[in-house]
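Step one of this worksheet: look at the structure below.
In the text below, chain A, chain B and the rest are named by the order of the sequence lines, each starting its count at 1.
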Protein chains: 2
Amino acid sequence: MLDVLRHVHLHPETTRAELARDLGLSRGSATEIVARLRALGLVEETAAEPTGTRGRPTRAVRRHDRGPVVAAVDVSYESWRLAVAHVGGEFEHLRLERHRGQGAEEVLSRISEALHEARTAFGTRLRAIGVSVSGTVSGSRLVESATLGWRDVDVAARLRVAPLPVVLGNDATMAGVAEARRGAATGADVALHIAIEVGVGGVVLEHGRAAVGSTGGGGEFGHLPFGDPDRPCPCGARGCWDLEVDGRALARILGDPPPAAPRSAADAVLRRAGEGDPAARAALEQVARNLGRGIGGLVNALDPRIVTLSGVAASIFDLAGDSVRTAYRSGLMRFRRHDPPPLIRAAFPQDGSLRGAAELAFDTVLSEAGLDSWRTDVRPAPEPG
Amino acid sequence: MLDVLRHVHLHPETTRAELARDLGLSRGSATEIVARLRALGLVEETAAEPTGTRGRPTRAVRRHDRGPVVAAVDVSYESWRLAVAHVGGEFEHLRLERHRGQGAEEVLSRISEALHEARTAFGTRLRAIGVSVSGTVSGSRLVESATLGWRDVDVAARLRVAPLPVVLGNDATMAGVAEARRGAATGADVALHIAIEVGVGGVVLEHGRAAVGSTGGGGEFGHLPFGDPDRPCPCGARGCWDLEVDGRALARILGDPPPAAPRSAADAVLRRAGEGDPAARAALEQVARNLGRGIGGLVNALDPRIVTLSGVAASIFDLAGDSVRTAYRSGLMRFRRHDPPPLIRAAFPQDGSLRGAAELAFDTVLSEAGLDSWRTDVRPAPEPG
DNA sequence: CGATTATGCTCGTGAGGCGAACATAATTGA
DNA sequence: TCAATTATGTTCGCCTCACGAGCATAATCG
């Protein structure tokens with residue numbers, strides 16, 4: 001039953017026949033399970049597109065249009081976004097607000113209000129909340145965010161709405177989830193996602209599941225010491241890769257002072273490089289090599305099938321793909337070079353983390369417990385006795 | 001049923017009552033399942049140790065002494081070993097042979113013979129073969145082994161015995177599995193194992209499952225570019241961590257020529273350092289810092305609960321623990337420092353990879369398919385019709 | 001317009017776990 | 001010493017769920 005519902009979520013345009021084939025179910029079981037899901041208001045059946053082949057036409061199985069939804073929140077440098085996602089991954093963007101100059105408390109209050117509004121609007125259809133934040137996550141807390149200037153905030157607790165589970169994750173992790181499940185790394189057994197905003201984040205995904213470590217703080221690849229061992233990093237360590245590949249690196253190579261907003265600074269330098277500015281171009285090439293070399297090391301260590309790039313990493317790859325690739329290949333162990341995992345631009349450069357947050361929130365809905373609670377909400381348990 | 005059998009495997013001294021409690025089974029189900037497992041010759045029941053508490057005494061559930069076994073092979077620098085493991089993890093070392101001067105073909109022939117002998121001795125009780133090799137693994141092949149001097153050998157194919165599945169893995173991966181399931185990292189949700197023999201190997205384990213990447217070649221942490229970016233590595237890349245922490249690093253720091261046998265060279269230097277030789281001590285301290293710094297970076301990136309060390313890494317940690325720890329802590333992101341994952345000596349310094357190979361081989365036995373095939377071997381299917 | 005084909009539906013079957021009622025074997029305590 | 005207490009084992013009716021055979025249905029093919 002769960003398998004079927006998950007399949008509908010991942011393949012929204014599916015049919016009864018496909019469900020039976022892909023999940024190895026007998027046609028009888030498919031009938032029964034889909035009937036149960038329909039009774040629960042989770043899926044609907046409609047006539048399928050005519051295929052022109054022989055045989056009785058199968059029926060399309062789609063999400064019920066009053067089925068469960070999740071809220072997804074993405075808090076990034078200058079703004080936060082709220083969306084609602086349906087079974088099948090369909091998205092409704094609900095809200096986008098700038099938060100320049102606001103503190104963590106204020107921002108979280110605004111978001112919390114918006115979530116409560118969503119709860120009011122969708123009622124019990126709203127089942128879970130996924131939150132992506134730009135910063136280091138540990139458990140339910142945002143430990144530190146250079147981007148936001150927040151420190152040690154219990155984001156999940158602040159955004160809790162009544163009984164709904166809240167799933168918190170780093171933005172790069174979330175974006176990686178979206179790529180692995182519906183984006184450029186769909187179907188890859190092991191995928192590596194690399195995102196540069198301020199510093200480098202990322203995540204390893206096994207069959208779409210993020211390896212987030214014991215506290216959810218995994219994927220901080222930017223704090224691997226790939227760089228100059230003497231250069232201090234704001235994180236407290238030295239030689240972090242972070243400092244060699246983002247806007248700070250570009251500024252340093254150009255002899256500029258450290259930028260206040262490394263992401264925008266990076267975009268500016270890359271734009272100049274694209275327009276032919278030779279100094280900017282040289283800085284870009286250097287950073288491209290640093291990026292490629294680091295990715296090579298990570299591929300050696302993690303053995304992914306594919307590497308997806310987003311944020312500044314994608315821009316660098318667009319503008320200096322050859323330099324990235326060359327450094328990447330020479331950073332690989334020799335035996336990997338004849339068939340290296342491809343470097344691919346992310347499929348969701350804009351809203352990957354929002355989509356990933358929705359996916360992880362849906363994981364709690366598409367679970368034994370989530371289904372049970374949906375059942376009791378749809379058809380409240382009769383009074384015992 | 002599988003859950004129960006796995007529980008018996010992981011907790012060999014268990015009881016009926018404990019099974020029901022730990023797996024959330026009703027007593028009725030426990031009765032039925034254990035009866036089925038007994039009928040299949042997989043477990044036996046005996047009187048349990050008297051506990052002195054009230055109530056009817058529970059019954060001990062142990063492996064059947066004619067139950068399934070797996071063969072575990074470990075091919076390391078100078079020798080190979082063959083052991084047989086039982087449900088519950090009990091070990092019988094069967095064979096230890098030196099293979100100095102022999103080529104891959106010859107060594108594999110000898111091992112294959114020994115495996116066939118084991119098959120003859122144990123008959124259908126032998127269900128699977130786990131093989132640990134010192135070198136880089138990809139799929140069923142050993143891609144390259146500096147230690148053994150082998151290149152691109154299909155080890156799994158060479159060691160196949162009749163219908164038995166063969167599981168191949170890198171020695172550090174296998175040792176990590178043993179640590180995570182029965183050793184120093186037992187119970188950790190995420191564990192990082194670091195082994196130094198020639199270069200650095202390792203593995204991340206999530207709930208005892210090894211993250212081996214898309215081809216099984218993961219865990220080559222030694223080829224992350226933590227080192228001098230200009231120093232070429234035999235792997236083809238530059239700046240590999242490998243070159244900063246093993247016997248080659250110690251020799252280089254001491255001004256000695258590159259050792260032919262880095263593992264023994266490392267042991268020799270460490271011995272001298274332990275005896276007070278100041279040059280050896282200085283080299284040790286340097287390597288200890290390189291090790292600690294790299295582990296710090298890996299902990300940043302992978303967020304394990306615990307780090308286990310084996311091989312030369314364990315020796316370095318014994319002799320220069322403070323240097324390792326200091327470099328480790330200063331390589332950590334600041335927020336991790338107040339409660340960093342502990343660095344622990346491996347529980348199985350001698351035979352971790354052999355044990356891990358047995359564990360992974362047992363994974364194929366303690367599976368739906370493995371159980372089915374055991375069923376047909378115990379009680380052959382009646383002729384249809 | 002019947003033959004062919006793929007799919008949907010119904011229903012008997014069997015596996016497997018639950019939990020209530022009862023049986024059993026230990027300790028406790030009067 | 002022996003009944004009460006307690007934890008566990010055993011039996012059995014029940015429920016859920018998927019299977020798969022046999023039949024029904026709706027399309028294309030010839």
field: Qualifying residues under ring pair (Phe, Tyr, Trp, His ring centres under 6.0 Å), relative to A:His207, sequence neighbours excluded
entry: none

- request: Report the residues that fulfil ring pair (Phe, Tyr, Trp, His ring centres under 6.0 Å) with B:His7, sequence neighbours left out, ordered by chain and then residue number.
  value: B:His11

task: Tell me, please, which residues at least two apart from A:Ser140 pass side-chain contact (heavy atoms from CB on, under 4.5 Å).
output: A:Asp154, A:Ala156

message: Parallel, tilted or perpendicular: which one describes the rings of A:Phe122 and A:His86, with boundaries at 30° and 60°?
response: perpendicular

message: Considering only residues two or more places apart or on different chains, which pairs with a residue in residues 26-47 of chain B satisfy ring-ring contact (aromatic ring centres under 6.0 Å, His included)?
response: none

query: How would you list, by chain and number, every residue that makes a side-chain contact (heavy atoms from CB on, under 4.5 Å) with B:Pro57, sequence neighbours excluded?
result: none

Residues in ring pair (Phe, Tyr, Trp, His ring centres under 6.0 Å) contact with A:His93, at least two apart in sequence or another chain: A:Phe91

statement: Residues pairing under salt bridge (charged side-chain N to carboxylate O under 4.0 Å, His left out) where one sits in residues 351-366 of chain A, two or more places apart or in two chains, turn out to be A:Arg181-A:Glu359, A:Arg181-A:Asp363, A:Arg182-A:Glu359, A:Asp351-A:Arg355

Those residues of residues 2-13 of chain B lying under 4.0 Å from DNA chain D by at least one heavy atom: none

field: Contact residues, residues 362-370 of chain B to DNA chain C [heavy atom, < 4.0 Å]
entry: none

task: Scan for salt bridge (charged side-chain N to carboxylate O under 4.0 Å, His left out) pairs involving residues 2-20 of chain A, sequence neighbours excluded, and state none if there are none.
output: A:Asp3-A:Arg6, A:Glu13-A:Arg62, A:Arg16-A:Glu45

Salt bridge (Lys or Arg N to Asp or Glu O under 4.0 Å) partners for B:Arg36, two or more places apart: B:Glu32

message: How would you summarise protein contacts on nucleotides 3-11 of chain D per nucleotide, using B for base, S for sugar-phosphate only and - for none, with heavy-atom distances below 4.0 Å?
response: --BBBBBBB

- prompt: Quick one: is C:dG16 close enough that its OP1 or OP2 comes under 4.0 Å of any side-chain N or O from B:Arg36?
  reply: yes

